[in-house]
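Note that the coordinates shown come from a computational prediction; the quantities given were computed from them, not determined experimentally. Side-chain atoms are counted along with the backbone in the values below, which use heavy atoms only and exclude waters and symmetry mates.
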Amino acid sequence: MPSLHPQPTFVLIRPQMGENIGAAARGMWNFGLDRMRIIAPRDGWPNQKAVAMASGAGRLLDEAQVFEDTAASIADCDYVYATTARPRGLTKLVLSPEAAMQDARRRIGDGQKVAVMFGPERSGMENDDIAKANAIISVPVNPEFPSLNLAQCVLLTGYEWRREDAPVVDARTDAAGDWAEQIEIEKLSAHYEERLETAGFFYPAHKAESMKLNLRNMWSRMPMTRADVQMLHGMMRQMVRWKERED
């Protein structure tokens, strides 16, 4: 089973080659990280090429959790980083790997569950994946050759985590700091999207999808507690009731 040492979870989104998954596992274990999640691996799972490449880190692959989509893979997380060279027009906090892992260590010390997402080898993450993240990790690479191999990116991020190897206290938050999990943010987003759709907010039609994407991106940028989420649900329900009484 994964170690009890508090740490971020590394999420591989639609990885294409088993060798890259195995190399990512080796990179994680080099720095004491052993919580891997895999989303819809192209060549299926389990994968013998991944096992061969992982070598002494095969345990990570045995214990890796496999998911069908990004939302399910981070549903229990409080804060999520997306590693990408291109923010692609989405307004997000952008951090270096060093700053991101310092931030992650602080959050984990406060009792939050943290994940770092890594995109497919060839195309990188899609906007729908990036929109689910709270912040972006951007590596200051050569702008003429910004592409990093999946395992390289995992290794670099793991190194920055290990470099900040200060003791982490597995603390519990009080009621005011009871951070909302990603699944709660997803449900809040769906609630608002449904009600705004009914109200005709997403107009004109050809801009509806980009408006919805921007709305989902906005929710993910906001650090919210469960109390915040409940209040926002209640605000929307009350506005709907008020409108129905007016009618």
Side-chain angles (χ1 to χ4, degrees), residues 8-9 11 13-14 37 39-40 65 67-82 84 86-95 103-104 106-108 110-117 119 125-137 171-247:
T9 296
V11 182
I13 300 177
R14 298 182 295 279
R37 295 181 181 182
I39 302 171
Q65 296 175 283
F67 296 84
E68 290 297 320
D69 57 63
T70 303
S73 75
I74 58 173
D76 63 341
C77 297
D78 302 299
Y79 202 85
V80 179
Y81 305 89
T84 177
R86 302 177 299 278
R88 301 181 182 181
L90 296 177
T91 303
K92 294 277 188 188
L93 174 65
V94 180
L95 301 169
D103 184 60
R106 177 182 60 79
R107 292 180 181 280
I108 291 171
D110 288 340
Q112 296 186 45
K113 293 181 180 178
V114 170
V116 182
M117 301 191 298
M125 259 181 278
E126 297 178 357
N127 272 358
D128 281 347
D129 297 320
I130 298 172
K132 293 177 173 61
N134 303 102
I136 286 172
I137 299 176
R172 299 292 177 182
T173 55
D174 58 22
D178 189 9
W179 299 105
E181 294 182 345
Q182 289 296 315
I183 191 170
E184 294 168 299
I185 305 297
E186 283 283 322
K187 289 179 179 179
L188 178 67
S189 176
H191 182 194
Y192 270 70
E193 192 170 305
E194 177 186 356
R195 293 302 185 182
L196 290 171
E197 183 87 62
T198 302
F201 175 77
F202 299 114
Y203 179 86
H206 69 275
K207 291 186 177 181
E209 285 308 310
S210 64
M211 293 171 72
K212 291 176 183 178
L213 181 63
N214 286 335
L215 183 63
R216 291 193 293 272
N217 189 46
M218 181 193 74
W219 292 125
S220 69
R221 288 202 312 269
M222 298 169 62
M224 288 189 283
T225 64
R226 285 177 172 151
D228 295 332
V229 170
Q230 292 168 2
M231 181 184 69
L232 287 165
H233 275 301
M235 287 169 59
M236 177 56 78
R237 284 193 290 265
Q238 189 60 29
M239 285 189 289
V240 170
R241 292 191 189 106
W242 176 78
K243 180 64 170 62
E244 290 172 347
R245 286 199 298 270
E246 287 287 303
D247 294 341

Worksheet item: With the threshold set at 4.0 Å, does a side-chain nitrogen-carboxylate oxygen contact exist between Asp69 and Lys132?
Response: no
Worksheet item: Quick one: are Arg216 and Glu186 in side-chain contact, heavy atoms under 4.5 Å?
Response: no
Worksheet entry | Arg107 side, atom CZ; Tyr79 side, atom OH - distance, nearest 0.5 Å | 4.5 Å
Worksheet entry | Considering all heavy atoms, the nearest Pro8-Ile108 contact | N-CD1, 3.5 Å
Practice prompt. Verify, without hydrogens or angle tests, whether Lys92 (side chain) and Ala133 (backbone) share a donor-acceptor contact under 3.5 angstrom.
Written response: yes
Worksheet item: Taking atom CD1 of Ile74 and atom CD1 of Ile39, what is their separation to the nearest 0.5 Å?
Response: 7.5 Å
Worksheet item: Do any N or O atoms from the side chain of Arg37 and from the backbone of Ser73 form a donor-acceptor pair under 3.5 angstrom?
Response: yes
Discussion item. Please check this pair: side chain of Asp178 against backbone of Ala227, looking for a donor-acceptor N/O pair closer than 3.5 Å.
Written reply: no
Practice prompt. Return each pair, listed once, that meets ring-ring contact (aromatic ring centres under 6.0 Å, His included) where at least one residue sits in residues 209-239; pairs must be two or more places apart or across chains.
Written response: His191-His233, Tyr192-Trp219
Only pairs under 3.5 Å count here: list side-chain donor-acceptor contacts from residues 197-211, not counting sequence neighbours, and write none if there are none.
{"from": "Glu197", "atom 1": "OE1", "to": "Lys212", "atom 2": "NZ", "distance (Å)": "2.7"}
{"from": "Thr198", "atom 1": "OG1", "to": "Glu194", "atom 2": "O", "distance (Å)": "3.1"}
{"from": "Ser210", "atom 1": "OG", "to": "Lys207", "atom 2": "O", "distance (Å)": "2.9"}

Worksheet item: Is there a donor-acceptor pair closer than 3.5 Å between any side-chain N or O of Gln238 and the backbone N or O of Met235?
Response: no
Practice prompt. Give the minimum heavy-atom separation between Leu90 and Asn217, together with the two atoms involved.
Written response: CB-ND2, 3.8 Å
Fill in: Heavy-atom closest pair, residues Leu188 and Val229
CD1-O, 4.0 Å
Worksheet entry | Expected output: side-chain Thr9 to main-chain Ala115 donor-acceptor under 3.5 Å | no
